[in-house]
**Student:** 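Could you have a look at this structure, given as structure tokens, before my questions?
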Amino acid sequence: MTLTLILTRHAKSSWSDADLDDHSRPLNKRGRASAKSIGRWLADHGLTPGEVLCSDAARTRETWALIADKLVGVPQASYQSALYLADPDTMLAKLRDASAGTVMMVAHNPGSAYMARRLVAEPHPHEKFHHYPTAATSVIEFDAESWADVNWGAGRVVEFVVPRELI
């Protein structure tokens, strides 16, 4: 069986309101455009998650909402405080609880970058893969019966995209 993870770092957030705490920061104009472009890209590639695991921060929630707006038949996201600024081990633990064949995770850096690198046997050759800029998205496949069976180094990157190449 093949399981598919769509791993997306949140889009570019705004720093315009100095009174907002980090968790509450929304996306900026470029971030909103980037999230929409990732949604269109996923739709064009026939990639619709059956389950969405999303940090509960404002910028990840907004990223997911703008992506979801471009897709048909998306599930309700599971907003999880444990994914806010999570390390890769926490992210993998949350992924292992998933049940859908295609799961999308919307999270933060550096966790998303480390997670992407650690999950795959071979990194994607794109120069931005290791840095994982805002709204970077990987599609990673695993030969596994369930997410509980997924381990570090077991995946293969089948797609990687950054919004700057789409807009």
Side-chain angles (χ1 to χ4, degrees), residues 4-45 47-71 74-95 97-98 100 102-120 123-124 126-140 155 157-167:
T4 303
L5 170 65
I6 303 166
L7 179 61
T8 300
R9 180 182 174 195
H10 66 79
K12 188 79 174 158
S13 58
S14 173
W15 291 89
S16 64
D17 185 347
D19 293 332
L20 281 180
D21 68 15
D22 182 70
H23 191 270
S24 302
R25 288 188 298 110
L27 299 181
N28 65 17
K29 183 179 177 181
R30 187 177 111 201
R32 289 189 294 277
S34 293
K36 290 175 188 177
S37 72
I38 292 296
R40 283 189 298 273
W41 182 86
L42 290 171
D44 290 347
H45 285 77
L47 293 164
T48 300
E51 188 171 352
V52 178
L53 308 175
C54 186
S55 160
D56 65 350
R59 61 191 177 273
T60 48
R61 294 170 73 101
E62 190 177 357
T63 298
W64 165 242
L66 292 167
I67 289 171
D69 188 54
K70 302 299 180 190
L71 302 171
V74 295
Q76 189 72 22
S78 171
Y79 297 109
Q80 301 185 11
S81 60
L83 290 176
Y84 174 62
L85 303 178
D87 62 63
D89 291 320
T90 300
M91 294 169 74
L92 181 59
K94 292 298 179 183
L95 180 61
D97 291 337
T102 300
V103 174
M104 183 166 195
M105 183 176 283
V106 184
H108 308 265
N109 254 8
S112 294
Y114 295 150
M115 173 99 163
R117 291 196 308 256
R118 289 181 64 191
L119 278 175
V120 298
H124 194 276
H126 193 290
E127 64 183 10
K128 303 270 185 184
F129 182 74
H130 290 284
H131 173 63
Y132 230 80
T134 52
T137 299
S138 290
V139 179
I140 303 171
V157 182
V158 294
E159 298 281 353
F160 176 76
V161 67
V162 292
R164 284 186 184 259
E165 296 170 357
L166 302 174
I167 298 175

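Starting from 1, each residue takes its place in the sequence as its number.
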**Student:** Are L42 and E159 close enough, and set up right, to give a side chain to side chain contact (heavy atoms under 4.5 Å, CB included), and what steps lead you there?
**Tutor:** CA-CA 10 Å; L42 290 171; E159 298 281 353; over 6 Å; no
**Student:** Heavy-atom distance under 4.5 Å between the side chains of R30 and R164, does that happen here?
**Tutor:** yes
**Student:** Evaluate the side-chain proximity of P49 to V103: yes if any heavy-atom separation is below 4.5 Å, no if none is.
**Tutor:** no
**Student:** Please report whether the ring centroid of Y84 lies less than 6.0 Å from that of Y79.
**Tutor:** no
**Student:** Please tell me if the side chains of H126 and V157 come closer than 4.5 Å, counting only heavy atoms from C-beta onward.
**Tutor:** no
**Student:** Show the nearest heavy-atom pair for residues A11 and S34, with the distance to one decimal.
**Tutor:** CB-CB, 4.4 Å
**Student:** What is the distance from atom CG of D56 to atom CG of L83, rounded to the nearest 0.5 Å?
**Tutor:** 8.5 Å
**Student:** Nearest heavy-atom pair of M104 and I67: which atoms, and what distance?
**Tutor:** CE-CD1, 3.7 Å
**Student:** Rounded to the nearest 0.5 Å, how far apart are CG of L47 and CD1 of I38?
**Tutor:** 11.0 Å
**Student:** Could you check whether any side-chain N or O of E51 sits under 3.5 Å from a backbone N or O of A100, counting only pairs where one atom can act as donor and the other as acceptor?
**Tutor:** yes
**Student:** Does R59 reach the main-chain N or O of D22 with its side chain, forming a donor-acceptor pair under 3.5 Å?
**Tutor:** yes
**Student:** Report the distance from atom CG of L166 to atom NZ of K36, rounding to the nearest 0.5 Å.
**Tutor:** 14.5 Å
**Student:** Quick one about H131 and N109 (side-chain donor to acceptor, distance below 3.5 Å, no hydrogens or angles considered), yes or no?
**Tutor:** no
**Student:** Quick one: CG on L95 to CE on M115, what's the gap to the nearest 0.5 Å?
**Tutor:** 5.0 Å
**Student:** Tell me whether the count of non-hydrogen atoms from other residues, nucleotides or ligands lying under 6.0 Å of CD in Q76 goes above 12.
**Tutor:** no
**Student:** Nearest 0.5 Å, what's the CG-CG distance between L119 and L7?
**Tutor:** 7.5 Å
**Student:** Quick one: do K70 and D44 satisfy salt bridge (charged side-chain N to carboxylate O under 4.0 Å, His left out)? Show the steps, please.
**Tutor:** CA-CA 10 Å; K70 302 299 180 190; D44 290 347; over 6 Å; no
**Student:** If you take all heavy atoms of R25 and L20, which pair is closest and at what distance?
**Tutor:** CA-CD1, 4.2 Å
**Student:** Please find the pair of heavy atoms, one from L27 and one from A35, that lie closest to each other, and give the distance.
**Tutor:** CD1-CB, 4.5 Å
**Student:** Is any side-chain heavy atom of T48 closer than 4.5 Å to one of V74?
**Tutor:** yes
**Student:** Roughly how far apart are Y132 OH and R117 CZ, rounded to 0.5 Å?
**Tutor:** 11.0 Å
**Student:** Provide the closest heavy-atom pair for P75 versus V52 in the form atom of the first, atom of the second, distance.
**Tutor:** CG-CG2, 4.0 Å
**Student:** Going by the angle between their ring planes, with limits at 30° and 60°, are F160 and F129 parallel, tilted or perpendicular?
**Tutor:** perpendicular
**Student:** Verify, without hydrogens or angle tests, whether T137 (side chain) and A135 (backbone) share a donor-acceptor contact under 3.5 angstrom.
**Tutor:** yes
**Student:** Tell me the closest heavy-atom pair linking D87 and T90, and the distance in Å.
**Tutor:** OD1-N, 2.9 Å
**Student:** Less than 3.5 Å apart, any donor N or O on the side chain of S55 or H10 sitting next to an acceptor on the other?
**Tutor:** no
